[in-house]
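Labels below follow one simple rule: chain letters A, B, ... track the order of the sequence lines, proteins then strands, and each chain is numbered from 1.
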Amino acid sequence: MLMIFLLGALKWLGLIMVFVMPVASLLTWAERRQSAMMQDRLGPNRANIGSVRIWGILHFVADAVKMLFKEDFVPAKAHKTLFRLAPVLAFAPVLIAFAIIPFGPTIHVDHLFKVLDPYSAPSGGERLQIFTAEFGMLFYFAIASIANYGTTLAGWASYNKWALLGGLRASSQMMAYEVTMGLAVLGMFLVTGTLEPGAMVDWQGPNPLHWGITVQPLAFLLFFTAAIAETKRAPFDIPEGEPEVIGYFLEYSGLGFGTFFLAEFVEIVFVGALMTTVFFGGYHIPGLYQNGFYFGDWFFELPHVVVAVLQVHAFIFKVIFFCWFQLLIRWTLPRFRPDQLIHLGWKKILPMSLANVMITAAVLLWLGL
Amino acid sequence: MSHHNSDHGHHDSGGSGPGGEVTVRSVSARNPKVRTVELRAKPMGLERAFLPAIVRGLTTTAKRFFENTFTRAQIETIEYPEERPDYPARFRGLHRLMTRDDGSVRCVACMMCPTACPAHCITIHPGERTDSHEKFPVIFEIDELRCVACGLCVEACPCDAIRMDTSTHMHPVDFRGDAILGKVDLMKRGTLSTANQGGEKGNWRATDGGEGSRGPESNVPAGPR
Amino acid sequence: MSDQVTLEIDGHAVTVPKGTNVLEAAKLVGIDITYFCYHPGLSSPAVCRQCLVEVSGNPKLVPSCYTPVAEGMKVAVASEKATTARRQMLEFTLVNHPIDCPICDKAGECTLQKHYHEANTLPSRVDENKVHKGKRIDLGPTIVLDQERCILCTRCIRVCDEVAGVHQLEMAHRGDREVLTTAPGHLLDNPYSLNTVDVCPVGALTAKDFRFAMRAWELFSTPTICNGCATGCNIELQHQESRAYRIVPRHHAEVNRYWMCDEGRMTYKALHQGRAATPVVDGMPASWEQALATAAEQLEAARDRGPDGVGVVFSATHSNEDNWALARLARDHLRVGRVYVAGRAAAPERADKILRDADVNANSVGARAIAGAGGAVGGLAELEADLASGKLRALLVLGADVPLSPAALERARSLDALVVIATREQDLATVAKVVLPAADWAEVHGTITNRQGRTQRLRAAFPPVGQALPAWEIVIKLGRKLGAMLDYPYPRALFLELTEKVPSLATGEWGKESPLVQLRFAGSRG
């Protein structure tokens with residue numbers, strides 16, 4: 001039991017430290033560089049250590065150092081405990097939620113260099129997923145709503161009416177779009193018959209025609225829209241828009257601000273991972289089965305370890321693509337007005353996701369599945 | 001997006017052109033392109049869901065992203081310290097104060113420049129001097145951080161004392177006080193100005209009849225004599 | 001009807017009293033004729049010829065400032081002939097005028113500049129060198145003369161003759177060599193000399209005090225009353241960024257006409273010198289809260305030992321409102337036994353029949369009326385006597401000017417309570433237990449009553465120095481600490497009450513508020 005626990009913790013740490021945090025940190029730089037490239041500018045390219053410049057990637061180090069050395073200011077009348085707690089509440093849930101994401105296939109340590117049987121996997125093996133539970137997606141929704149407290153508390157504990165208003169905007173927005181997210185996943189649940197992300201990935205398999213995007217395109221659109229709203233980024237950056245909309249972490253400076261800022265980018269990575277898992281076949285590569293590539297009649301046999309490595313890389317590639325795509329959206333679409341946002345959330349997307357569930361259910365019934 | 005000139009800020013965007021969908025209410029007499037129009041039909045279906053427009057927008061930005069990432073074709077940024085743009089000939093740069101034959105400052109502290117200055121960046125404290133020029137600036141300071149480089153001080157100066165033709169700009173400073181240039185700093189860049197003070201023809205202060213009175217026309221604007 | 005004359009000016013019919021000149025009559029119908037030498041407060045010599053107009057039946061143009069109106073007269077101001085003549089006169093005046101406006105202090109309020117910009121702004125056609133005359137001639141203690149700039153209008157000579165009553169300036173030489181000068185070895189040193197600077201249409205006469213200090217157009221102007229003596233000349237206080245730069249007279253037909261004395265013009269300097277800017281308790285700076293609490297405590301203790309030992313000193317330099325607030329507190333609440341009025345010591349040597357008065361307190365009449373409304377009032381002598389006899393135990397003083405003898409000041413030091421509301425630390429304020437800094441005359445709204453019994457309006461030009469507050473406000477705050485609910489939200493409330501309660505001030509009027517005007521936008525004074 002202890003071993004299982006320790007192994008889980010090790011996997012989680014590995015995922016977070018090796019993948020999530022570096023990608024999230026780099027995204028802080030990548031966002032500025034990407035927006036610059038989209039807008040015919042150069043963007044931050046000058047941070048360096050001596051002659052090592054690598055396109056200015058080190059800007060994220062400079063930012064981190066700057067935030068470390070800034071005064072960590074707490075307003076006089078703020079609620080000190082909650083003020084300190086809020087960034088943690090905003091940041092921690094996303095990291096926890098990564099536990100349900102399957103980032104690679106089941107590893108069979110004994111069969112690493114053998115070609116696996118295409119129809120039956122060996123029993124046992126170590127799944128590249130930290131927390132496997134039948135209620136996986138529900139766990140995510142439960143955890144994600146805690147982040148709501150983080151934003152609202154940040155606004156309230158600051159003792160600043162603008163921060164409070166920002167917090168209220170954040171909570172109303174997150175409430176509105178969480179419902180849609182759940183209902184969109186419900187469509188996938190009806191099709192796959194499971195809420196366990198690993199099982200969903202298994203169901204989708206290496207055939208793109210069997211992926212979530214193909215069987216549930218509307219659910220994908222709705223889920224993606226709602227997920228972007230959950231990250232509170234443009235075009236849904238009404239709770240806090242960097243240069244012009246005063247938001248819930250107005251009073252935060254130094255690492256408090258840094259935590260909120262980084263949480264946003266971790267959320268981007270998480271949305272990318274979720275999107276990959278639920279709608280884009282997870283770690284699967286089109287045509288790559290557990291014993292090798294199949295393209296029609298053509299077959300190329302691969303040992304288990306090569307397949308596993310390829311699949312992990314496929315997962316990473318897909319997640320990074322979705323991160324890029326979210327940045328592209330953030331720098332392309334203009335911001336909604338708050339009333340338009342709520343209108344869209346409750347009156348457009350929610351009915352559509354309901355309809356999607358109904359239609360999916362009806363079709364499944366009709367097909368007799 | 002579309003080119004509708006709409007006066008109601010609703011989701012009026014549409015993929016198709018402006019023709020047909022709008023009724024023109026009025027056209028500006030001065031600029032016929034400025035019109036007040038009425039939307040006849042609201043966009044329907046997919047247009048209304050923004051999706052085609054979103055896809056077009058994302059395509060455009062993604063295209064730019066790849067172009068600029070791999071070829072840098074469109075990038076306009078000038079990497080300043082290494083690359084420098086050519087300043088135009090009439091560039092309004094850092095100020096300088098001009099001098100007379102004897103090396104004294106031409107400024108007579110008439111306060112026209114601080115009066116004209118929209119940024120209130122010029123501070124002059126006048127003093128009295130014993131020679132024929134009577135008045136001079138004891139303190140002449142320009143806060144280059146406040147200056148908006150509009151050039152109105154040069155326009156206002158009746159004595160050709162202040163100019164902005166140094167073709168250089170304010171350099172970064174570590175302390176704000178360093179950006180306040182005093183009389184000495186400003187005169188360092190200054191050179192002799194031969195413009196006649198007090199009118200276009202001759203020097204009205206010349207005590208003997210001939211000298212200076214038939215000099216070439218200077219560039220000082222004509223004024224009363 | 002016989003003393004009214006009707007004439008026609010550029011087609012406008014106008015009826016004016018007999019004896020009015022054409023220039024003034026034209027003003028009534030909104031036609032401003034240009035002039036240099038004419039001044040409504042002086043005689044007309046008609047030397048500048050700048051106001052030439054055409055009068056029907058008259059073959060030559062006539063100077064409108066010198067021509068009295070006549071019944072049925074037809075005057076043409078805008079006619080071709082008259083306009084040309086005036087333009088040519090202006091050009092003629094400019095022939096030898098040095099265009100050193102950048103240096104000249106008058107720039108911005110110069111009549112010549114104004115007329116030139118209104119007339120044509122064409123460059124000079126004169127190809128000869130200008131005639132050179134004396135520059136920077138020291139005329140006396142107050143004035144510097146630039147003979148080149150002088151356009152020989154003789155206004156300054158007439159000011160000395162007709163206002164000051166001394167003939168100190170004269171024209172010398174003739175033609176284009178004519179200059180303004182004093183008699184050899186003599187100075188322009190009459191006490192009204194600075195009026196010559198005001199009337200000078202150009203920058204020939206400049207005040208040493210204001211010379212190169214500030215450009216006229218940068219100044220803001222607040223109409224108020226001179227605080228220098230009991231005459232109460234109407235003035236404009238000209239200031240910028242909470243600093244006064246000069247005082248110029250404002251026209252009032254029955255008080256000062258167009259003039260004021262040199263001494264009065266310098267009263268602005270005291271506004272920025274030696275002011276009390278923070279409350280003081282026992283010689284140490286304190287907060288308002290501390291100072292008021294200490295003052296109230298000590299006064300209350302003294303009053304509880306018998307109101308007869310408590311005295312109050314009204315100020316002849318403070319406004320009626322300040323004094324009235326004090327009167328309400330002292331009489332209705334403290335019920336003081338002894339009332340005094342103090343002010344600066346009289347200066348009999350400065351009195352003349354023109355404007356200067358021996359009483360150098362601006363509001364003696366008002367302060368006496370308010371102090372006297374409740375009973376017997378003492379002066380400085382009584383105050384000194386009561387201090388000497390030890391009848392006084394506590395004193396509440398308004399005003400910094402209580403010129404007591406050193407012995408009396410020493411005795412005042414040992415009073416149980418000595419609270420002074422003062423603009424500066426002098427006299428009693430130097431020995432007081434509590435000094436409460438008050439706003440001076442240029443910083444408050446209020447009224448003062450001059451020697452004629454005319455109540456005139458003070459207007460605040462800029463906020464009080466440091467932590468100082470208007471004295472009436474200090475009295476109200478002190479009253480609150482003492483439990484007296486004096487409720488006056490603004491000085492006008494005090495004024496309305498005192499005009500009701502004090503019969504001799506009943507005719508006073510508060511007057512209109514005056515918006516702050518920058519001279520740049522108000523046009524030329526010339």
Residue part contacting chain B, namely of A:Leu333, when any heavy atom lies under 4.5 Å: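 Answer is side chain: those atoms of A:Leu333 sit under 4.5 Å from chain B.
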Engaged part of A:Ile329 at the chain B interface, taking heavy atoms whose separation is under 4.5 Å: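 A:Ile329 touches chain B through backbone and side-chain heavy atoms alike.
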Below 4.0 angstrom, N of the basic side chain to O of the carboxylate: do B:Glu82 and A:Arg46 qualify?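 Yes, this pair counts.
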B:Ile75 and A:Arg41: which non-hydrogen atoms are nearest, and at how many Å?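 Between these two residues, the closest heavy atoms are CD1-O, 3.3 Å.
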If you count every heavy atom of other residues, nucleotides or ligands that lies below 6.0 Å from [X] atom [atom1], does the total exceed 12?
X: A:His313; atom1: NE2; result: no
X: A:Ile54; atom1: CD1; result: yes
X: B:Tyr80; atom1: OH; result: yes
X: A:Phe317; atom1: CZ; result: no

B:Asn68 (side chain) donor-acceptor with A:Met37 (main chain) under 3.5 angstrom: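 Such a contact is found between B:Asn68 side chain and A:Met37 backbone.
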When you measure from the side chain of B:Thr77 to the backbone of A:Leu42, do you find a donor-acceptor pair of N or O atoms at a distance under 3.5 Å?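 Flag set: sc B:Thr77 to bb A:Leu42 pair under 3.5 Å.
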Any side-chain heavy atom of A:Asn45 sitting closer than 4.5 Å to one from B:Glu79?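 They are in contact (side-chain heavy atoms under 4.5 Å apart), so the answer is yes.
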Nearest 0.5 Å please: distance from the CG atom of A:Leu328 over to the CG atom of B:Leu58.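 Answer rounded to 0.5 Å: 5.0 Å.
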Could you measure the distance from the CZ atom of B:Arg64 to the OG1 atom of A:Thr332? Nearest 0.5 Å is fine.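 Between B:Arg64 CZ and A:Thr332 OG1, I get 12.5 Å after rounding to 0.5 Å.
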Evaluate the ring planes of A:Trp324 and B:Phe65, with Trp represented by its six-membered ring, and classify them as parallel (under 30°), tilted (30 to 60°) or perpendicular (over 60°).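 Tilted: the ring planes of A:Trp324 and B:Phe65 meet at 30° to 60°.
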